[in-house]
Every structure is written in structure tokens, then in C-alpha cells.
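One structure is given here, and the rest of the page talks about it.
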Amino acid sequence: MKQKLFVVIAHQSSHAICIKATSKTLLYENNSDKMQGCIYYPSGTLPCFPENTVIQPDNQIPIAHDLIRKAHADGILRIHQAPASFESDLRSAIAKSVTLTPDKRARLLRILP
């Protein structure tokens with residue numbers, strides 16, 4: 001089973017707000033409008049992304065803190081530090097997204113640190 005990759009962007013009371021990362025990048029590589037609304041890491045740029053990877057701000061997933069704690073206790077959670085430019089790259093991707101509605105864009109920007 002392939003590992004699922006998520007990026008935690010904020011915390012609410014009982015859950016982390018995450019955005020999905022995917023190595024299925026062809027859709028984005030072949031569509032510059034969609035690509036500008038994502039963060040793209042070529043293969044090997046970061047140790048946690050051995051393949052070309054797109055982080056999709058429009059694909060948000062709440063994950064309960066209890067599930068995160070359990071995954072950590074079970075030894076199946078891997079944590080990596082984001083690069084220093086990540087927050088500004090994320091803000092830029094959100095601003096340029098062609099898939100986020102204005103309301104969703106504003107909500108995402110409000111929850112970022």
C-alpha cells in the first residue's frame with residue numbers, strides 16, 4: 001500500500017487541518033493554470049518527497065489529533081520539517097489557485113499562522 005502524504009497547515013481544537021500531497025503530477029505538469037495554484041517539488045528536492053510531488057491547497061483534509069497520536073504511537077507517522085519558503089509558497093499558491101473559490105481562499109489564508 002502506498003504511503004499517504006499530508007502537510008499540516010494549522011490546528012483546530014480537536015484536529016489538524018492538512019492539505020494533500022500527491023506524486024500523481026501529470027495533471028499539474030500539463031496544465032499551467034492548475035500548477036500555479038500548487039506547490040511543486042521535483043523528485044529528490046526534499047527527503048520526504050522522493051518522487052515529483054504536488055501539494056494541493058484546494059485538497060484539505062481534517063485529521064483528528066487522536067488519529068495522529070495513534071499513528072505516532074504505532075510508529076507509522078513520519079514527520080519532516082517544511083522548507084523555510086513553504087509558508088510564502090503556500091500563500092502564493094492559494095492566491096493563484098484557479099480551483100479555490102474566493103470564500104475558500106479567504107478561509108485558508110485566515111487559518112495560516
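As a basis for the values below, the full set of heavy atoms in this structure was taken, side chains included, without hydrogen atoms, waters or symmetry mates.
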Asn52 versus Ser43, closest heavy-atom pair with distance: OD1-N, 2.7 Å
Closest contact, heavy atoms only, Met35 versus Tyr28: CB-O, 3.4 Å
Phe6-Val8 co-clustered via ILVMFWY side chain contacts under 4.5 Å: no
Nearest heavy atoms of Arg105 and Ala95, plus distance in Å: NE-O, 3.7 Å
Expected output: side-chain Asn30 to main-chain Leu26 donor-acceptor under 3.5 Å: yes
Separation of Ser92 OG from Glu87 CD (nearest 0.5 Å): 12.5 Å
Within residues 20-33 or reaching into it, pairs that qualify as salt bridge (charged side-chain N to carboxylate O under 4.0 Å, His left out) - sequence neighbours excluded: none
For residues 57-64, which side-chain donor-acceptor pairs fall under 3.5 Å, sequence neighbours excluded?
unit_1	atom_1	unit_2	atom_2	d
Asp58	OD2	Thr99	OG1	2.6
Gln60	OE1	Arg107	NH2	2.2
Gln60	NE2	Pro57	O	2.9

Non-hydrogen side-chain atoms of Cys38 and Lys34 separated by less than 4.5 Å: no
Under the side chain to side chain donor-acceptor pair (under 3.5 Å) test, residues paired with Thr101 that sit two or more places apart: none
Cut-off 3.5 Å, no hydrogens considered: what does the side-chain donor-acceptor table look like for residues 66-82, sequence neighbours left out?
unit_1	atom_1	unit_2	atom_2	d
Asp66	OD1	Arg69	NH2	2.5
Lys70	NZ	Asp74	OD2	2.6

Qualifying residues under ring pair (Phe, Tyr, Trp, His ring centres under 6.0 Å), relative to His65, sequence neighbours excluded: His11
Backbone of Glu51 reached by a side-chain donor or acceptor of Thr53 within 3.5 Å: yes
Members besides Ile19 in its Ile/Leu/Val/Met/Phe/Trp/Tyr cluster (side-chain heavy atoms under 4.5 Å): Leu5, Val7, Ile9, Ile17, Ile39, Tyr41, Leu46, Phe49, Ile55, Phe86, Leu90, Ile94, Leu100, Leu108, Leu109, Ile111, Leu112
